[in-house]
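Order of appearance sets the numbers: ligands from 1, and atoms from 1 within every ligand. Each residue takes its place number in the sequence, starting with 1.
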Amino acid sequence: MKAIIVGGGIAGLTHALSLHQVGIACRVYEAVPTLAPLGYGINLQPNAVRELFALGLGERLSAAGILTQELAFYNKHGQLIWTEPRGRAAGYRWPQISISRGELHKVLLNAIRERLGADAVQTGHRLSGLEQRGETVIARFNDPSGKPVGQAEGDILVGADGIHSTVRQQFYKGEKAVFDGYLHYRGIVEAGPYLTGASMAVVGHRHHRAIIYPVMRRPNGKVMINWLAYTKIPPGAPPLEAWDTAADKEACVDQYNGWSYPWLDVQGLFAATPAEHVLQLPNVDRDPIPRWSFGRVTLIGDAAHPMQPVGAQAGSQAIVDGRVLAASLVAVRDLAEALTRYQDQRIAAMNDMIIRNRNLGLESILQTAEERAPEGFKHIHDVLSQEELEHTAASFKKAAGFDVETVNSRHSFVDMPVS
Ligand SMILES: Cc1cc2nc3c(=O)[nH]c(=O)nc-3n(C[C@H](O)[C@H](O)[C@H](O)COP(=O)(O)OP(=O)(O)OC[C@H]3O[C@@H](n4cnc5c(N)ncnc54)[C@H](O)[C@@H]3O)c2cc1C
């Protein structure tokens, strides 16, 4: 049994490690010529972190990131709407980890090289097409210049090739990403710790908000703070779809006038970010789809369910996909049936998450507070009852599969030793 994994991002690498754990051979084919640590902050919720602990990577990741203690929501005036403990502080047996995507990628890649060997990831291989012939899947690849570079044969093919997935396009021809007319600016900057020192803060409302969290401690007592500024696309800015497009930092900073609070100077943080560390992305996702598995081919991670960046879900759900798929391949002999079983376990919840995130997920309380009290409030309970606040937070976590009871009471999806 041999699996072809297309895409060496978070989903592809975690799935490769999981297949190795269960004794299934695989190779990862990645489009970019060199794997460099890319991206800024990413959050790993306890449901994903427990899977990374089961892969023997928990200690390394905990040391590389910050163990998040708190999630706090504020209105644009800086008034507290809701705060809740996170990770171990909330009673989980595993932490929530805020980490640089580059560090996470490095830990996964190093583990692959140690366990699967140096050639387990083939870079410079962009999938150009695939074909299912009997019990074999044939994948064809191009090099970075677009020239054919060879093909691979496997028993299954896993599309882990992100939001612009070529594998997905084979089955959903002409499907377009959905762009909502808003832009994120993303930045990372060294600064002093704020609030608990390990707090994720979400400020503002649907049309204008900021998401801020530290991802790394520095030896000088400071932290690297990741931020995301979500705002209307400035006139003339093209809806670019890459992760590494340089941004006009000043255009971003100007839109956050007055966002300076006793607990954090948000605009000051943006202004202090070196311009070369500010990127811009359009806010895109894709509509839910009815199937991920087609015979011996399936999709995981953003290729299966790209979602808006709400509630810090994309990385965690990609990891869970890779684990559930590995477990299905152990549980069911017939490979096409195993891929369907994986799909059936995951697709309804993930399609629900795509829609919930379009409706702001647990961050919807920010929008409610803005609509009911645009000038601010004396007490939050004049605007939102404790029950509304608790219900919104609890129902999102339950739907996303990371409520404390669910995570603490189940075994790892792949409950086997790591070799
Ligand atoms: C460069 C980069 C930077 C990012 N930065 C951030 C960030 O700062 N914060 C954040 O929250 N999320 C970030 N993300 C997205 C985040 O990693 C994902 O939303 C989430 O982790 C799900 O991971 P994934 O593996 O499904 O997709 P991705 O992480 O997007 O990985 C997909 C991989 O597939 C490769 N690929 C694409 N097409 C092909 C093809 N045809 N053939 C072979 N390989 C292909 C891509 O090069 C990429 O390595 C970034 C993604 C990328 C690719």
Side-chain angles (χ1 to χ4, degrees), residues 4-17 27-45 48 52 65 97-105 108-109 121-130 139-144 146 149 152 157-170 177 184-188 200 211 213 215 224 226-228 230 241-245 277-281 283-286 292 298-322 325 350 353-354 357:
I4 297 169
I5 302 175
V6 180
I10 309 306
L13 297 187
T14 309
H15 185 54
L17 288 167
R27 183 169 270 182
V28 179
Y29 295 86
E30 165 57 48
V32 301
T34 316
L35 281 169
L38 285 173
Y40 294 161
I42 199 161
N43 253 271
L44 301 174
Q45 305 293 349
L52 295 167
I97 303 178
S98 299
I99 189 168
S100 132
R101 181 185 179 276
E103 287 297 316
L104 167 61
H105 200 252
L108 296 173
L109 196 57
V121 180
Q122 292 275 300
T123 53
H125 280 62
R126 176 176 291 279
L127 184 83
S128 56
L130 65 91
R140 278 180 289 278
F141 300 96
N142 287 346
D143 71 12
V149 72
L157 182 145
V158 179
D161 48 346
I163 185 165
H164 304 300
S165 167
T166 304
V167 180
R168 178 168 168 143
Q169 277 163 28
Q170 303 287 312
H184 323 145
Y185 293 93
R186 279 182 185 260
I188 193 158
M200 179 172 193
I211 301 170
Y213 52 91
V215 292
M224 295 306 293
N226 174 85
W227 56 263
L228 185 152
Y230 177 89
E241 297 195 357
W243 277 95
D244 54 358
T245 308
H277 291 163
V278 183
L279 305 177
Q280 68 175 44
L281 292 95
N283 200 45
V284 287
D285 66 1
R286 287 178 188 270
W292 299 342
T298 194
L299 304 170
I300 62 173
D302 280 4
H305 46 71
M307 50 182 79
Q308 294 192 10
V310 171
Q313 288 301 304
S316 299
Q317 299 297 355
I319 289 165
V320 172
D321 287 346
L325 177 54
M350 291 305 98
M353 290 305 298
I354 292 171
N357 280 8

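- Here the side chain of N142 pairs no donor or acceptor atom with the backbone of S128 at under 3.5 angstrom.
- Nearest heavy-atom pair across T298 and V167 is O-CG1, 4.5 Å.
- Taking each heavy atom of I163 and D285 in turn, the nearest pair found is CD1-CA, 4.3 Å.
- Distances from ligand 1 to the non-hydrogen atoms of P309 include no value under 4.0 Å.
- For the pair D302 and A314, the tightest heavy-atom approach, listed with the atom from each and the gap, is OD1-CB, 3.9 Å.
- Close contacts of ligand 1 with H125, meaning ligand atoms under 4.0 Å from a residue heavy atom, involve 42 (N), 43 (C).
- Taking distance alone, with nitrogen or oxygen atoms compared against 3.5 Å, A31 approaches ligand 1 more closely than that limit.
- Set against the non-hydrogen atoms of T166, the atoms of ligand 1 under 4.0 Å away are 41 (N).
- Neither the backbone nor the side chain of F141 has any atom closer than 4.0 Å to an atom of ligand 1 (non-hydrogen atoms only).
- Taking every heavy atom of Y40 and a limit of under 4.0 angstrom, the matching atoms of ligand 1 come to 7 (C), 8 (O).
- Annotation: R186 places an N or O atom under 3.5 Å from an N or O atom of ligand 1; distance criterion only.
- Considering backbone and side-chain atoms together, G12 places no N or O closer than 3.5 Å to any N or O of ligand 1.
- Taking the six-membered ring where tryptophan is involved, the planes of F141 and Y29 are essentially parallel, since the angle between them stays under 30° and well short of 60°.
- Shown here for N226 and G41, the closest heavy-atom pair between the two residues is OD1-N, 2.5 Å.
- When non-hydrogen atoms are compared, ligand 1 lies under 4.0 Å from the side chain of R101 (C-beta onward) but not from its backbone.
- Each of the following atoms of ligand 1 lies closer than 4.0 Å to a heavy atom of V6: 42 (N), 43 (C).
- One option in L44, N226, I163, L127 has a heavy atom closer to atom 42 (N) of ligand 1 than any other, and that option is L127.
- Although no hydrogens or angles enter the test, the distance criterion places a donor-acceptor pair under 3.5 Å between the side chain of D161 and the main chain of T166.
- Taking every non-hydrogen atom of G162 and a distance limit under 4.0 Å, the qualifying atoms of ligand 1 come out as 27 (O), 30 (O), 32 (C).
- Checking each of T123, V28, L13 against L35 for a side chain to side chain contact (heavy atoms under 4.5 Å, CB included) leaves exactly one that passes, namely T123.
- For the pair W227/V278, a side-chain contact is recorded, criterion being any heavy-atom separation below 4.5 Å from C-beta on.
- Near A160, meaning under 4.0 Å from any of its heavy atoms, are these atoms of ligand 1: 32 (C), 33 (C), 34 (O).
- Near G301, the atoms of ligand 1 lying under 4.0 angstrom from a non-hydrogen atom of the residue are 26 (O).
- Shown in contact with G7 at under 4.0 Å from a heavy atom are these atoms of ligand 1, numbered in order with element: 34 (O), 35 (C), 44 (N).
- Of the N or O atoms in A314, none lie within a sub-3.5 Å distance of an N or O in ligand 1.
- Only side-chain heavy atoms of A318 come within less than 4.0 Å of ligand 1; its backbone N, CA, C and O stay farther off.
- Between the R126 side chain and the G146 main chain, no donor and acceptor come within less than 3.5 Å of each other.
- Between the S316 side chain and the Q45 main chain, a donor and an acceptor come within less than 3.5 Å of each other.
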